[in-house]
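Just below is one structure, and these are the notes that go with it.
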Amino acid sequence: MRKIIKYGGSSLGSIEQILAVGEYIASLEGEIIVVVSAMGDTTDKLLEMADKIGAQNKRETDALLSTGEICSAALVTMAVEKAGKKSVSLSGVQAGIITNENHGNAEIIRIDKTRIEDELKMGKTVIIA
């Protein structure tokens, strides 16, 4: 059975919380896909930094904000592996998620599930930023 789980930033606000999430995910049976947000108030901190620079470029703001999710995905993957289950983190692009170029408010155009399916076939839990 396949399960898709989403964790928001408040549930990933500390290393202790991330470890607990990792243990829970590792305890699940079947094919597991997890989508994560940036930890705690990471997005607010990144936006504050961009604002201090005077950022006007929506594409670069999107790129900056994606780093928060990528960080969470890597940390959750490490926590799942520490709990004894194979896992891999994927950025949106690595997961095959293709969006339009409406930076700041992009919409998903399509998803090529090939990489996700390949990782699941290898017995890995897939953590997507």
Same apolar cluster (I L V M F W Y, side chains within < 4.5 Å links), [X]/[Y]:
{"X": "Ile70", "Y": "Val36", "answer": "no"}
{"X": "Tyr24", "Y": "Leu75", "answer": "yes"}
{"X": "Met78", "Y": "Met39", "answer": "yes"}

Roughly how far, to the nearest 0.5 Å, is [atom2] of [Y] from [atom1] of [X]?
{"X": "Glu81", "Y": "Ile127", "atom1": "CD", "atom2": "CD1", "result": "9.5 Å"}
{"X": "Leu46", "Y": "Leu64", "atom1": "CG", "atom2": "CG", "result": "4.5 Å"}
{"X": "Lys82", "Y": "Ser87", "atom1": "NZ", "atom2": "OG", "result": "15.0 Å"}
{"X": "Glu119", "Y": "Thr114", "atom1": "CD", "atom2": "OG1", "result": "11.5 Å"}

Distance-only check: which donor-acceptor pairs under 3.5 Å involve side-chain atoms of residues 99-111, not counting sequence neighbours?
unit_1, atom_1, unit_2, atom_2, d
Asn100, OD1, Asn102, N, 3.1
Asn100, OD1, Glu107, N, 3.1
Asn102, ND2, Asn105, O, 3.2

Considering only heavy atoms from C-beta outward, does the side chain of [X] approach that of [Y] to under 4.5 Å?
{"X": "Val126", "Y": "Leu120", "answer": "yes"}
{"X": "Arg115", "Y": "Leu90", "answer": "yes"}
{"X": "Ile116", "Y": "Ile128", "answer": "yes"}
{"X": "Tyr7", "Y": "Val34", "answer": "yes"}
{"X": "Thr61", "Y": "Leu47", "answer": "yes"}
{"X": "Leu19", "Y": "Glu16", "answer": "no"}
{"X": "Ile25", "Y": "Thr125", "answer": "yes"}

Might you point out which heavy atoms bring [X] and [Y] nearest each other, and give the distance in Å?
{"X": "Ser72", "Y": "Ser37", "result": "OG-O, 2.8 Å"}
{"X": "Val88", "Y": "Thr77", "result": "C-OG1, 3.6 Å"}
{"X": "Leu12", "Y": "Gln17", "result": "C-OE1, 4.1 Å"}

N/O donor-acceptor pair under 3.5 Å between [X] side chain and [Y] backbone:
{"X": "Gln94", "Y": "Ser91", "answer": "yes"}
{"X": "Lys86", "Y": "Met122", "answer": "yes"}
{"X": "Asp41", "Y": "Asp44", "answer": "no"}

Passes side chain to side chain contact (heavy atoms under 4.5 Å, CB included), Ile5 versus Leu28? Steps please.
CA-CA 11 Å; Ile5 304 166; Leu28 299 173; 3.3 Å; yes

Mark yes when over 12 heavy atoms from residues, nucleotides or ligands other than Lys58 sit less than 6.0 Å from its NZ; otherwise mark no.
no

Determine whether the side chains of Ser27 and Lys85 contain a donor N or O and an acceptor N or O closer than 3.5 Å.
no

In plain terms, say whether Arg2 and Glu117 are close enough for a salt bridge, that is, a side-chain N and a carboxylate O under 4.0 Å apart.
yes

